[in-house]
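One structure below.
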Amino acid sequence: MKKLFLTLLSAVVLMPVMANNNVAPWGWATCSDESGTAFTLSGGCFTDAKTTTLTALGGGQTDDNQIKLAISQNDIIIFDGSNGDFILNEYIKVSAKNKTLIGINNARLCTKFFLTADDITYLKQQNLDGLSSTDQYTGTLPDGTEITCDKRAFFTKKAMMELQYQKTGVYSLPNKAGIFSIGEECDNIIIRNLSLIGPGSVDIDGVDLITNMGTHVWVDHCTFQDSQDGALDSKRCDWATYTYNYFYYTSRSYSHAYTCGCGWVTDHEMTLHLTFASNLWGEGCMRRLPQCDDSYIHLVNNYHNCPGNSAGMTINSYTRALVENNYAATGVNSPLTGSGSNRNVTASGNNFSATSVGSEVTVPYQYTKIAAADVPDNLTGTEGAGATLGNDATYILSTIPTVERQEGESTLYYFIDGLVGTNSDGYSIMTFNDGATMLLNNKEKAWSNGTTIKLGDENFTSIKLSNGAENIFTAPTGKKVSGITFYSYINIKEEKLDFTKYPEYGFRTCLWQKVANLTYSATSDDVQILKSRDPQNPDVASFNFTPTNVVSFKNSGEQFCFLMEVTYSDESTGISAIQKKMPIDGITYNLQGVRVNNPTKGIYIQNGKKVVIK
């Protein structure tokens with residue numbers, strides 16, 4: 001049952017410094033509305049949770065695919081650092097609900113690319129620091145791309161492309177060097193006790209160590225070092241709490257050491273509800289500690305120990321902020337600042353002078369706080385800020401609520417090699433034992449089996465698609481698809497690789513071009529460029545969308561062999577392989593997957609095939 005927490009002064013308790021900071025989820029992440037109606041933030045901690053423990057592959061290998069696979073197939077993912085650092089080619093897009101990611105044994109997730117001392121020397125020689133970061137500039141980059149951005153960003157991108165050309169012979173930007181991007185479809189996500197190591201800050205419009213665009217997200221006791229762009233940015237997310245995190249930069253960083261941006265909402269169309277509590281901003285942090293607009297934000301017991309910074313907590317337009325009992329070290333500039341319209345700031349108990357603005361701001365949830373003077377000792381002591389919770393996974397999980405898996409959770413199915421046949425219209429079709437079908441929308445082509453793909457310890461026969469053709473998946477009666485994960489490899493032989501024509505990979509740029517109502521190109525902001533030619537180490541690409549009965553998809557580039565994991569929105573979670581043939585229903589759907597009881601003229605899907613009603 002949901003519980004309503006009233007906004008009472010008695011709900012706030014001033015506590016002495018606590019030795020044990022293994023806290024339970026709290027703050028805005030545990031609310032579902034502004035009156036404080038409770039949300040149980042449990043991540044993937046079900047009573048029957050599926051858990052996996054990962055160790056780094058080592059030996060120069062990258063860990064992108066094993067991490068993607070683990071997230072797609074498990075509720076709780078434990079990163080064990082005992083075999084060294086996990087290395088990522090580029091950030092991992094998280095497109096899932098109900099996940100818990102924790103670290104033990106000093107687990108570090110590190111970007112493969114990083115700025116070297118020679119890189120930074122080269123950048124300094126370009127005299128970039130004196131260029132404006134606000135004046136707009138239009139120019140053409142060395143790869144022929146014309147862009148408009150601030151002048152410093154443009155010439156920084158140009159210099160970085162020139163550096164990459166010197167190293168690889170290709171003009172490119174290493175602007176995907178982050179760790180996790182939590183998508184808008186994500187809900188109920190917990191990340192704890194992980195160290196996230198970036199490439200060093202540089203102003204090339206790169207990615208963050210964590211970008212949060214989900215709902216009900218708790219990031220706790222994590223270390224954020226040397227982010228390329230933001231360390232932990234909140235973009236169109238909601239109901240998030242960030243506690244006991246440590247942000248800092250080393251000599252690996254060059255410029256734009258901006259840690260936590262919040263907001264960037266178009267036309268003030270939403271408000272982000274965010275709690276920042278007991279976080280430490282250390283060496284090298286310059287701005288956004290955090291910076292917010294369009295937010296309802298609570299900032300309590302944070303510690304700014306970054307002398308020489310530009311600005312601290314920055315409260316801008318359309319924001320309500322409760323700022324209490326925070327501590328700024330000597331030499332920290334502008335601990336609390338901001339500008340713009342529709343600002344309400346209530347500041348109290350801080351160790352620095354701060355003026356309240358506008359109406360009083362409170363929060364509806366219960367919490368404890370310590371005196372500002374006690375904050376430095378609390379955040380630098382036992383279980384202080386950063387990945388300090390130790391090596392016992394049971395202990396780290398102990399404060400997270402454990403819940404029963406409820407009706408309405410998604411069911412995951414692996415689609416392997418269902419029986420291939422031809423429907424009455426001559427289209428190749430696969431029919432599975434639950435009534436689901438997959439139709440190849442090209443009479444000249446047919447499905448066939450590909451090579452075995454390995455997932456975990458299991459092997460599955462893959463489907464060899466018809467390159468560039470539309471594929472139409474129809475769900476069984478009464479079910480709707482809310483997500484698909486593809487496991488794929490590129491079906492091109494070694495002797496067909498042509499690095500003269502395709503210098504980056506030796507083959508055409510490969511991606512899933514269309515999935516449901518989602519479309520992508522090779523230049524999309526969030527495109528999934530697929531690279532693997534190894535069926536034992538497939539690429540993993542996940543897509544979530546509004547639940548629908550019919551999903552169409554197609555690829556671009558070279559031919560893929562693949563299998564699918566389909567998420568249904570109306571069943572309890574389970575995994576099964578579907579291989580046997582069963583009868584299918586006669587219900588009619590439009591091409592958007594909506595059931596049609598009285599179809600008029602047009603094209604529809606019936607029994608897994610297209611029909612034209614005239």
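These figures come from a predicted structure and were not determined experimentally.
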Check [Y] with [X], please: is the shortest side-chain N to carboxylate O separation under 4.0 Å?
X      : Y      : result
Lys235 : Glu184 : no
Asp220 : Arg192 : yes
Arg320 : Glu34  : yes
Lys68  : Asp539 : no
Lys112 : Asp63  : no

Which of parallel (below 30°), tilted (30 to 60°) and perpendicular (above 60°) describes [X] and [Y]?
X      : Y      : answer
Phe276 : Tyr242 : perpendicular
His298 : Tyr367 : perpendicular
Phe39  : His216 : parallel

Any donor and acceptor pair, going by atom type alone, linking the side chain of [X] with main-chain N or O of [Y] inside 3.5 Å?
X      : Y      : result
Thr53  : Ile78  : no
Asn391 : Asn105 : yes
Asp150 : Arg152 : yes
Asn188 : Lys97  : no
Thr223 : Ala387 : yes
Asn333 : Asn309 : yes
Lys99  : Ile71  : yes
Thr275 : Trp28  : yes
Asp293 : Ile315 : no
Thr100 : Gly44  : yes

Is the closest side-chain heavy-atom distance between [X] and [Y] below 4.5 Å?
X      : Y      : result
Asn301 : Asn378 : no
Ile210 : Phe224 : yes
Tyr296 : Leu272 : no
Gln291 : Cys262 : no
His256 : Met286 : no
Tyr318 : Thr271 : no
Leu54  : Ile77  : yes
Leu389 : Glu383 : yes

If we count only N and O atoms by modelled type, under 3.5 Å, do the side chains of [X] and [Y] hold a donor and an acceptor together?
X      : Y      : value
Tyr303 : Thr380 : no
Thr243 : Trp218 : yes
Tyr244 : Asn21  : yes
Asp118 : Thr116 : no
Ser542 : Thr485 : yes
Asp129 : Tyr254 : yes
Ser253 : Asp226 : yes

If I take atom [atom1] from residue [X] and atom [atom2] from residue [Y], how far apart are they, to the nearest 0.5 angstrom?
X      : Y      : atom1 : atom2 : result
Thr382 : Asn22  : OG1   : CG    : 13.0 Å
Ser234 : Asp294 : OG    : CG    : 13.0 Å
Asp48  : Glu404 : CG    : CD    : 7.5 Å
Ile529 : Asn89  : CD1   : CG    : 13.0 Å
Ile370 : Asn325 : CD1   : CG    : 8.0 Å
Thr62  : Glu90  : OG1   : CD    : 10.0 Å

Q. Counting only heavy atoms not in Lys167, do more than 12 fall under 6.0 Å of its NZ?
A.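 Yes - once you tally the heavy atoms of other residues, nucleotides and ligands closer than 6.0 Å, there are more than 12.
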Q | More than 12 heavy atoms from other groups under 6.0 Å of CD on Gln126 | A |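 Atom CD in Gln126 is packed in, count exceeds 12.
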**Q.** Phe86 six-ring face occupied by Arg108 cation (under 6.0 Å, within 45°)
**A.**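 No - Arg108 does not lie over the ring of Phe86 by the 6.0 Å and 45° rule.
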Q: Kindly confirm or rule out a cation-pi arrangement of Arg405 over Phe46, judged by NZ or CZ under 6.0 Å from the six-membered ring centre and within 45° of its axis?
A: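 Arg405 over Phe46 ring: yes.
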Over all heavy atoms of both residues, which pair between [X] and [Y] is shortest? Give the atoms and the distance, please.
X      : Y      : answer
Leu274 : Cys237 : CD2-SG, 3.9 Å
Ala49  : Ile76  : CB-CD1, 3.9 Å
Cys45  : Leu397 : SG-CD2, 4.1 Å
Gly284 : Ala257 : O-CB, 3.3 Å
Leu336 : Ala347 : CD2-CB, 4.1 Å
Ile204 : Met160 : CG2-CG, 3.7 Å

Q: For Val323 and Asn350, run side chain to side chain contact (heavy atoms under 4.5 Å, CB included): C-alpha distance rounded to whole Å, both residues' side-chain angles, the deciding distance at 0.1 Å, then the answer.
A: CA-CA 8 Å; Val323 185; Asn350 305 290; 4.1 Å; yes
Q.
Would Ile197 and Leu109 count as a side chain to side chain contact (heavy atoms under 4.5 Å, CB included) here? Give the steps.
A. CA-CA 6 Å; Ile197 315 300; Leu109 278 64; over 6 Å; no
Q.
For Tyr248 together with Trp281, are the ring centres under 6.0 Å from each other?
A.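 Between Tyr248 and Trp281, which both carry aromatic rings, the centre distance is not below 6.0 Å.
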Q: Quick one: do Ser95 and Glu185 satisfy side chain to side chain donor-acceptor pair (under 3.5 Å)? Show the steps, please.
A: CA-CA 6 Å; Ser95 302; Glu185 62 276 16; 2.8 Å; yes
Q: In sequence, state the C-alpha distance, the side-chain angles, and the governing distance for His221 and Tyr246, and then conclude on ring pair (Phe, Tyr, Trp, His ring centres under 6.0 Å).
A: CA-CA 8 Å; His221 277 96; Tyr246 176 30; over 10 Å; no
Q | Lys157 vs Leu173, side chain to side chain contact (heavy atoms under 4.5 Å, CB included): CA-CA, chis, key distance, verdict | A | CA-CA 7 Å; Lys157 290 179 182 182; Leu173 275 178; 4.0 Å; yes
Q: Walk me through it: do Asp203 and Thr156 pass the test side chain to side chain donor-acceptor pair (under 3.5 Å)?
A: CA-CA 6 Å; Asp203 191 7; Thr156 304; 5.3 Å; no
Q: Starting from the C-alpha separation in whole Å, work towards a yes-or-no answer on side chain to side chain contact (heavy atoms under 4.5 Å, CB included) for Arg288 and Thr314.
A: CA-CA 7 Å; Arg288 301 179 184 171; Thr314 306; over 6 Å; no
